[in-house]
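As structure tokens, the structure follows; a few thoughts come after it.
Labels below follow one simple rule: chain letters A, B, ... track the order of the sequence lines, proteins then strands, and each chain is numbered from 1.
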There are 2 protein chains.
Amino acid sequence: MTRNDEDPVGAGALDRVTWALRRAELAVQTLKEQRLRPLGLAASHYTLLISVHSEPGLTGAELARRLNVTPQAVASLVARLESRGQVERREHPRHRHVQELHLTDAGRAMLREADAVIAGIELQITGALGPKGSAQLRDVLDQVADVAREA
Amino acid sequence: MTRNDEDPVGAGALDRVTWALRRAELAVQTLKEQRLRPLGLAASHYTLLISVHSEPGLTGAELARRLNVTPQAVASLVARLESRGQVERREHPRHRHVQELHLTDAGRAMLREADAVIAGIELQITGALGPKGSAQLRDVLDQVADVAREA
DNA sequence: TCATGGCTATCAAGCGTTTGACAGCTGACC
DNA sequence: GGTCAGCTGTCAAACGCTTGATAGCCATGA
């Protein structure tokens, strides 16, 4: 009674790839949030820290594009992390009122801890999938992202 | 300069499976939102409609657990869809102040349209991956979700 | 030289969600 | 029969993000 074969609506909707994708991402994100909480860090904070770490000197607007959020959202996160002394805003050499983002020593230390947590989660997943399966999954996911983006 | 091989923090962080998962899910979700907008429907609305369709008589609290959100969020969505006449709240036979959720005819019609859109997106992805690759991806994603959930 | 376009950051308002707390009802255990 | 745990739904407040609009600065071209 939970399935109506005469009605094409939702036929196999729960078996769709996009549905499985949503469930997996949600579960992983929830796990990250749980494990990061003891450090006093939200997943979005970690994302910002590692983004700034991998591309120092990023501006707020550019970072917003990387993370697919609005500049205001980034500004809000930066303000919080700055008040904790984990991120600092420096003046851009050319554009005066543009601010480059950099990690402080405290920020790097925090990132080190947080990244260990995330790496642990990654290890759990890759451990279950095997190195070959993991690499394959990564490639397929990138393919999915490309298809969705240019569709 | 964007990569510091001496510092283990974030080594290959951008190549992680969980990162690729996030990117893919974000791209797909964004695409859904774009394609659903012309119908005047948000992705969360569609999710609620198809959930109620596949399991009629669901209560708000139970639906909240299915979707990994709070009961208030569900109540908010239901209130909106109810005001549009797409969902109705019936009294539970046993528990009087518990409400079962059901789709109206208008709701089913809307779902039919929306589901065609989603099915189209699914087809684009499975088309790029092939039937075998799609099924395989689905299985691996479910495996990832399981690992993350019971970790 | 000056004007225009494009980028930056920021303010204000609105929406949706979560968190915390509450009251009502049912079912099971004592 | 009475009590307590567990569920339901709802209210109030706080948080985070988006949308819309504004101001400042640099670069290109007339």
Of all the heavy-atom pairs spanning [X] and [Y], show the shortest one and how long it is.
X	Y	answer
A:Leu123	A:Thr126	O-OG1, 3.2 Å
B:Ala43	B:Gln29	CB-NE2, 3.6 Å
A:Ala27	B:Ala145	CB-O, 3.9 Å
A:Gly107	A:Leu49	O-CD1, 4.4 Å
B:Gly85	B:Ala106	O-CB, 3.6 Å

Check for me, please, whether A:Leu26 and A:Leu14 land in the same ILVMFWY cluster - side-chain distances under 4.5 Å, paths through other members count. no
Are A:Val117 and B:Trp19 linked, directly or through intermediate hydrophobic residues, by side-chain heavy-atom contacts shorter than 4.5 Å (ILVMFWY only)? no
Below 3.5 Å, does any donor atom in the side chain of B:Gln72 face an acceptor in the base of C:dT19, or the other way round? yes
Are any of the side-chain heavy atoms of [X] and [Y] separated by less than 4.5 Å?
X	Y	answer
B:Arg66	B:Glu55	yes
A:Leu103	A:Val87	yes
B:Thr30	B:Gln34	yes

Mind calculating the distance between [atom1] ([X]) and [atom2] ([N]) to the nearest angstrom?
X	N	atom1	atom2	value
B:His97	C:dT26	NE2	P	9 Å
B:His92	C:dG24	NE2	C1'	15 Å
A:Leu58	C:dC7	CG	P	16 Å

The criterion is ring-ring contact (aromatic ring centres under 6.0 Å, His included); which residues satisfy it with B:His102, sequence neighbours excluded? none
DNA chain D contacts made by [range], counting heavy atoms under 4.0 Å:
range	answer
residues 74-84 of chain B	none
residues 30-47 of chain A	none
residues 60-71 of chain A	A:Val69, A:Thr70

Applying side-chain contact (heavy atoms from CB on, under 4.5 Å) to B:His92 and not counting sequence neighbours gives B:Arg94, B:His95, B:Val98, B:Glu100
Excluding sequence neighbours, so at least two apart, what forms side-chain contact (heavy atoms from CB on, under 4.5 Å) with B:Asp142? A:Ala20, A:Arg23
Quick check for you: to the nearest 0.5 Å, what is the distance between B:Arg35 atom CZ and B:Arg37 atom CZ? 13.5 Å
Here the gap from B:Arg16 atom CZ to A:Ile118 atom CD1, rounded to the nearest 0.5 Å, amounts to 7.0 Å
Protein-nucleotides 1-4 of chain C N/O pairs closer than 3.5 Å?
none

Base, sugar-phosphate alone, or nothing: which one does A:His95 contact when heavy atoms must sit under 4.0 Å apart? sugar-phosphate
Could you give all pairs that pass the side-chain hydrogen bond (donor to acceptor under 3.5 Å, both in side chains) test and reach residues 75-89 of chain B, with sequence neighbours left out? B:Glu82-B:Arg89, B:Glu88-B:Arg90
Does any pair with a residue in residues 128-137 of chain A pass side-chain hydrogen bond (donor to acceptor under 3.5 Å, both in side chains), and if so which ones, sequence neighbours excluded? none
Residues sharing A:Leu141's hydrophobic cluster, by side-chain heavy-atom contacts under 4.5 Å among ILVMFWY, directly or via others? A:Val17, A:Leu21, A:Val28, A:Leu31, A:Ile121, A:Ile125, A:Leu129, A:Leu137, A:Val140, A:Val144, A:Val147, B:Val17, B:Leu21, B:Val28, B:Leu31, B:Ile121, B:Ile125, B:Leu129, B:Leu137, B:Val140, B:Leu141, B:Val144, B:Val147
Provide the start and end nucleotides, 5' to 3', of the part of DNA chain D that has atoms under 4.0 Å from heavy atoms of chain B. D:dT8 to D:dC11
In degrees rounded to 10°, what angle is found between the helical axes fit to the five outermost pairs at each end of the helix from C:dT1-D:dA30 to C:dC30-D:dG1? 10°
